[in-house]
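Below, read A as the first sequence line, B as the second, and so on, with proteins coming before strands; counting in each chain starts at 1. Hydrogens, waters and symmetry mates play no part in the numbers below; they use all other heavy atoms, side chains included.
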Protein chains: 2
Amino acid sequence: MEPIQVAGITFRLDPGKPLYEQIVDQVQGALARGDVKLNERLPSVRELAQLLKVNPNTVMRAYQDLERGGLLMTYRGQGTFITDKPQPVERLKQDLAYRAVAHLVNEMRRLGFSREQALALLQEVKWS
Amino acid sequence: MEPIQVAGITFRLDPGKPLYEQIVDQVQGALARGDVKLNERLPSVRELAQLLKVNPNTVMRAYQDLERGGLLMTYRGQGTFITDKPQPVERLKQDLAYRAVAHLVNEMRRLGFSREQALALLQEVKWS
DNA sequence: TAAAGTGTATTATAGATGTTAATACACATA
DNA sequence: TATGTGTATTAACATCTATAATACACTTTA
């Protein structure tokens with residue numbers, strides 16, 4: 001389970017969550033943080049599968065999910081590339097952040113906390 | 001999928017998450033919010049199963065999970081009751097809140113946001 | 001032109017997990 | 001004694017994840 005670095009993306013796969021989802025998550029994370037260059041080429045399906053010790057079908061499913069989100073471009077015979085447009089990446093970042101905050105709001109409301117209590121906890125908690 | 005009220009607890013089961021987990025979540029939520037009285041009797045395994053249109057094994061699994069957390073007491077032949085001690089409930093509430101905040105922190109860090117950005121988002125977002 | 005490397009699709013198989021079903025047993029109470 | 005509790009076991013089934021094997025379409029390059 002040692003991390004694997006490739007094209008600015010760190011892959012670490014654990015059990016407990018679908019592999020293809022973890023691949024999607026880690027590519028998205030690298031994009032949101034700006035760790036990858038736009039238009040950069042990713043490893044081929046078979047190549048990444050070998051690196052991650054995973055079935056090619058699993059990588060392909062992840063790549064296809066990412067392509068549907070406008071984050072990847074795939075060209076038959078050429079390979080898979082990070083999108084060259086900054087908009088889908090920015091949209092992704094805002095989307096995921098909003099979703100994460102909304103999730104916290106729902107959970108805190110479910111538990112009977114106020115917004116002020118949530119803010120206080122978020123200020124107190126260790127960040128890095 | 002219409003909600004079912006019983007003993008101060010609202011049950012609503014959706015597909016997409018294990019049924020026994022949803023039962024656990026909703027009992028925990030009611031406890032955290034103070035919606036249920038301590039020492040109160042819950043529906044029997046078979047009774048709740050019938051109400052929720054679910055297998056008795058599924059309810060039993062949820063009850064057992066809750067008992068392991070000290071939130072329920074079960075007595076052979078008598079029934080299942082909310083704990084009579086406030087401590088496990090308070091501990092649960094703090095635990096779940098901390099976990100929820102920690103989850104947000106991890107996600108925001110993964111996306112490259114600062115604590116200040118997270119706080120700003122949490123202040124802006126609609127609460128109720 | 002041929003070969004190698006791309007993405008893509010299909011089918012079969014296996015394993016894990018969640019859920020139901022049926023049945024039985026232990027215990028408490030009316 | 002009968003009924004209603006919690007508890008345990010076993011079997012069956014559905015869904016999802018992942019692998020495996022194979023084939024095809026397309027691009028690049030030797």
Side-chain angles (χ1 to χ4, degrees), chain A residues 1 4 6-7 9 11-28 36 39-84, chain B residues 1 4 6-7 9 11-28 36 39-84:
Chain A
M1 312 306 178
I4 291 182
V6 50
I9 309 173
F11 290 99
R12 172 146 93 253
L13 303 186
D14 310 303
K17 194 173 178 183
L19 299 173
Y20 71 90
E21 278 187 23
Q22 298 185 52
I23 298 174
V24 167
D25 288 346
Q26 287 165 30
V27 173
Q28 287 183 339
V36 287
N39 224 345
E40 186 173 8
R41 189 177 186 280
L42 289 182
S44 75
V45 167
R46 292 167 179 82
E47 195 179 342
L48 184 56
Q50 198 168 8
L51 283 173
L52 302 182
K53 299 187 176 78
V54 137
N55 194 277
N57 288 351
T58 303
V59 174
M60 200 189 69
R61 177 158 181 188
Y63 276 6
Q64 286 179 335
D65 286 359
L66 288 162
E67 193 189 15
R68 275 181 224 109
L71 303 173
L72 259 47
M73 307 172 299
T74 64
Y75 300 111
R76 241 190 166 85
Q78 300 186 43
T80 301
F81 302 80
I82 303 291
T83 179
D84 57 352
Chain B
M1 312 307 180
I4 292 183
V6 50
I9 309 173
F11 290 99
R12 172 147 90 251
L13 303 186
D14 309 303
K17 193 171 180 185
L19 299 174
Y20 72 91
E21 279 187 21
Q22 298 184 51
I23 296 174
V24 168
D25 288 346
Q26 287 165 29
V27 173
Q28 286 183 339
V36 287
N39 225 345
E40 186 173 7
R41 189 178 186 280
L42 290 180
S44 75
V45 168
R46 293 168 177 83
E47 195 180 344
L48 184 56
Q50 198 168 9
L51 282 173
L52 303 183
K53 298 188 176 79
V54 138
N55 194 275
N57 288 351
T58 303
V59 173
M60 200 188 69
R61 180 161 180 187
Y63 276 7
Q64 286 179 335
D65 286 359
L66 288 163
E67 192 189 17
R68 278 182 222 107
L71 303 174
L72 260 47
M73 308 172 297
T74 64
Y75 300 112
R76 242 192 165 83
Q78 299 186 46
T80 300
F81 302 80
I82 302 292
T83 179
D84 57 351

Next on the checklist: How long is the straight-line distance from CD of Q78(B) back to OG1 of T80(B), given to the nearest 0.5 Å?
Outcome noted: 10.5 Å

Item to check | Selected nucleotide, minimal atom distance to L19(B) side chain, candidates dA20(D), dG6(D), dT20(C) | outcome: dT20(C)

Next on the checklist: Please report the distance, rounded to the nearest Å, between CZ in R41(A) and C1' in dG7(C).
Outcome noted: 11 Å

Next on the checklist: Nearest 0.5 Å, please: how far is CD in E40(B) from OG1 in T83(B)?
Outcome noted: 13.0 Å

Item to check | Minimum heavy-atom distance between Q22(B) and R12(B), given as atom pair plus value | outcome: OE1-O, 3.7 Å

Checklist entry - Between dT5(D) and T80(B), is there an OP1 or OP2 to side-chain N/O distance shorter than 4.0 Å? => result no

Checklist entry - salt bridge (charged side-chain N to carboxylate O under 4.0 Å, His left out): which pairs involve residues 50-60 of chain B, sequence neighbours left out? => result none

Checklist entry - Taking OP1 and OP2 of dG5(C), is either one under 4.0 Å from a side-chain nitrogen or oxygen of S44(A)? => result no

Next on the checklist: Taking 4.0 Å as the cut-off, does a side-chain nitrogen or oxygen of T74(A) come that near to OP1 or OP2 on dT6(C)?
Outcome noted: no

Checklist entry - In Å and rounded to the nearest 0.5 Å, what is the CD1 to CG distance from I82(B) to N39(B)? => result 9.5 Å

Next on the checklist: Less than 4.5 Å apart, side chain to side chain, heavy atoms only: is that true for L42(A) and V6(A)?
Outcome noted: no

Checklist entry - So, is T58(B) near the phosphate of dG18(C), with a side-chain N or O under 4.0 Å from OP1 or OP2? => result no

Next on the checklist: To check you understand the geometry: which heavy-atom pair defines the closest contact between I23(A) and L52(A), and what is its length?
Outcome noted: CD1-CD1, 4.0 Å

Checklist entry - What's the shortest heavy-atom distance between Y75(A) and M73(A), and which atoms? => result OH-SD, 3.6 Å

Item to check | Nearest-angstrom distance from the residue atom CD of Q22(B) to C1' of dT19(C) | outcome: 13 Å

Side chains of residues 57-71 of chain B: which donor-acceptor pairs under 3.5 Å do they make with residues two or more places apart or in other chains?
residue, atom, partner, partner atom, Å
R61(B), NH2, Y20(B), OH, 3.1
Y63(B), OH, P43(B), O, 2.8
D65(B), OD1, R68(B), NH1, 2.6
E67(B), OE1, T74(B), OG1, 3.4
E67(B), OE2, T74(B), OG1, 2.9

Item to check | Side-chain touch F11(A)/L48(A), heavy atoms, less than 4.5 angstrom | outcome: yes

Next on the checklist: Restricting to non-hydrogen atoms, name the atom on R41(B) and the atom on A7(B) that form the minimum distance, rounded to 0.1 Å.
Outcome noted: O-CB, 4.2 Å

Item to check | Any residue of residues 64-73 of chain B with a heavy atom less than 4.0 Å from an atom of DNA chain D | outcome: Q64(B)

Next on the checklist: One character per nucleotide, please: for nucleotides 25-30 of chain C, 5' to 3', B when the base has a protein heavy atom closer than 4.0 Å, S when only the sugar-phosphate does, - otherwise.
Outcome noted: -BBS--

Checklist entry - In degrees, rounded to 10°, what is the bend between the two ends of the helix from dT1(C)-dA30(D) to dA30(C)-dT1(D), using five pairs at each? => result 0°

Checklist outcome for this item: Rounded to the nearest 0.5 Å, the CG atom of L13(A) sits from the CD atom of E21(A) at a distance of 12.0 Å

Checklist entry - Please give, in whole Å, the distance from dT19(C) C1' to L52(B) CG? => result 14 Å

Next on the checklist: Output the rounded distance in Å from NZ (K53(B)) to P (dA21(C)).
Outcome noted: 14 Å

Item to check | Spatial distance of atom CG (N55(A)) from atom CG (L19(A)) [nearest 0.5 Å] | outcome: 10.0 Å

At a cut-off of 3.5 Å, list every protein nitrogen or oxygen paired with a nitrogen or oxygen from nucleotides 9-16 of chain D, distance to 0.1 Å.
none

Checklist entry - In whole angstroms, how far is the C1' atom of dT19(C) from the CD atom of E21(B)? => result 13 Å

Checklist entry - Whole-Å distance between dG5(C) C1' and Y75(A) OH? => result 18 Å

Next on the checklist: What is the separation between atom CG on N55(B) and atom C1' on dA8(D), rounded to the nearest whole Å?
Outcome noted: 13 Å

Checklist entry - D14(A) has an atom CG; how far is it from atom P of dA18(D), in whole Å? => result 12 Å

